[in-house]
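What follows is one structure encoded as structure tokens, with my remarks underneath.
Remember, it's a predicted structure, so these values are computed and weren't measured experimentally. Nothing fancy with the numbering, it's 1 onward along the sequence.
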Amino acid sequence: MNLKLIENGTNPKIAFYDGICLDQYQHLAKRWTEMLSIVHKEVLAYINDDNLCFDDGEDLNSFPVRSKLTGNYYIESVSFIKHVNPMGFQIMIKTRLTEHLPSGEDDYLGLEVTLFTTSINETFKVWGIDSSSI
């Protein structure tokens with residue numbers, strides 16, 4: 001399945017925690033395209049993993065089911081956290097994937113991708129991806 005980042009009519013909520021300053025946020029925000037690229041790759045890998053996202057023919061209680069997804073997703077919120085141990089910055093980007101409904105599409109699956117970088121200029125590492133039903 002392919003994915004498309006869409007706008008849902010609202011801007012993502014931005015939150016700052018644990019001492020991140022405006023200057024640090026502004027430097028990290030300049031890397032937004034890079035962060036979105038990583039998030040896109042992680043969300044795509046998640047929904048195409050047969051152990052994490054299921055086909056129709058499997059157990060009726062399975063969640064999430066790939067065929068329900070529209071292929072669209074949007075960014076709901078972004079959180080920035082400054083870490084002391086390990087030293088660096090954690091960025092949590094919460095996405096919402098939509099499902100097909102007779103009336104159009106609506107939220108179906110939440111995936112939050114957690115990124116970490118040791119400084120505002122270093123490479124991002126993916127610390128994890130968490131899912132939630134919506």
Would you say [X] and [Y] make side-chain contact, with heavy atoms under 4.5 Å?
X   : Y    : value
I75 : L36  : yes
W32 : I93  : yes
D50 : R66  : yes
L52 : S131 : no
L44 : Y73  : no
H83 : I81  : yes
M1  : N48  : yes

Q. What pairs with L101 under side-chain contact (heavy atoms from CB on, under 4.5 Å), at least two apart in sequence or on another chain?
A.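 L101 satisfies side-chain contact (heavy atoms from CB on, under 4.5 Å) with E99, S103, D106 only.
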
Kindly give the heavy-atom pair with the smallest separation between [X] and [Y], and that separation in Å.
X    : Y    : result
I120 : R31  : O-NH1, 2.8 Å
K82  : G19  : CD-O, 3.7 Å
S62  : F54  : CB-CD1, 3.7 Å
T117 : T123 : OG1-O, 3.5 Å
C53  : V65  : SG-C, 4.3 Å

**Q.** F124 and F89 aromatic centres sub-6.0 Å
**A.** no

Kindly say whether [Y] contributes a backbone atom to a donor-acceptor pair with the side chain of [X] at under 3.5 angstrom?
X    : Y    : answer
S79  : A15  : no
T95  : L111 : yes
H100 : E105 : no
Q24  : C21  : yes

Hydrophobic cluster identity match, [X] and [Y], side-chain contacts under 4.5 Å:
X    : Y   : answer
L115 : F16 : yes
I38  : Y74 : no
I20  : M35 : yes
Y108 : L5  : yes
F63  : L69 : yes

Working to the nearest 0.5 angstrom, can you tell me the gap between [X] [atom1] and [Y] [atom2]?
X    : Y    : atom1 : atom2 : value
I47  : L97  : CD1   : CG    : 6.0 Å
T114 : M92  : OG1   : CE    : 5.0 Å
L28  : S119 : CG    : OG    : 9.0 Å
D130 : K94  : CG    : NZ    : 10.0 Å
T98  : L109 : OG1   : CG    : 10.0 Å

(Q) Other residues, nucleotides and ligands only: do more than 12 of their heavy atoms fall within 6.0 Å of CD on Q26? (A) yes

Q. Should we say atom CG of D23 is surrounded by more than 12 heavy atoms from elsewhere, each under 6.0 Å from it?
A. yes

Q) Going by the angle between their ring planes, with limits at 30° and 60°, are F80 and Y25 parallel, tilted or perpendicular? A)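 F80 vs Y25 ring planes: perpendicular.
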
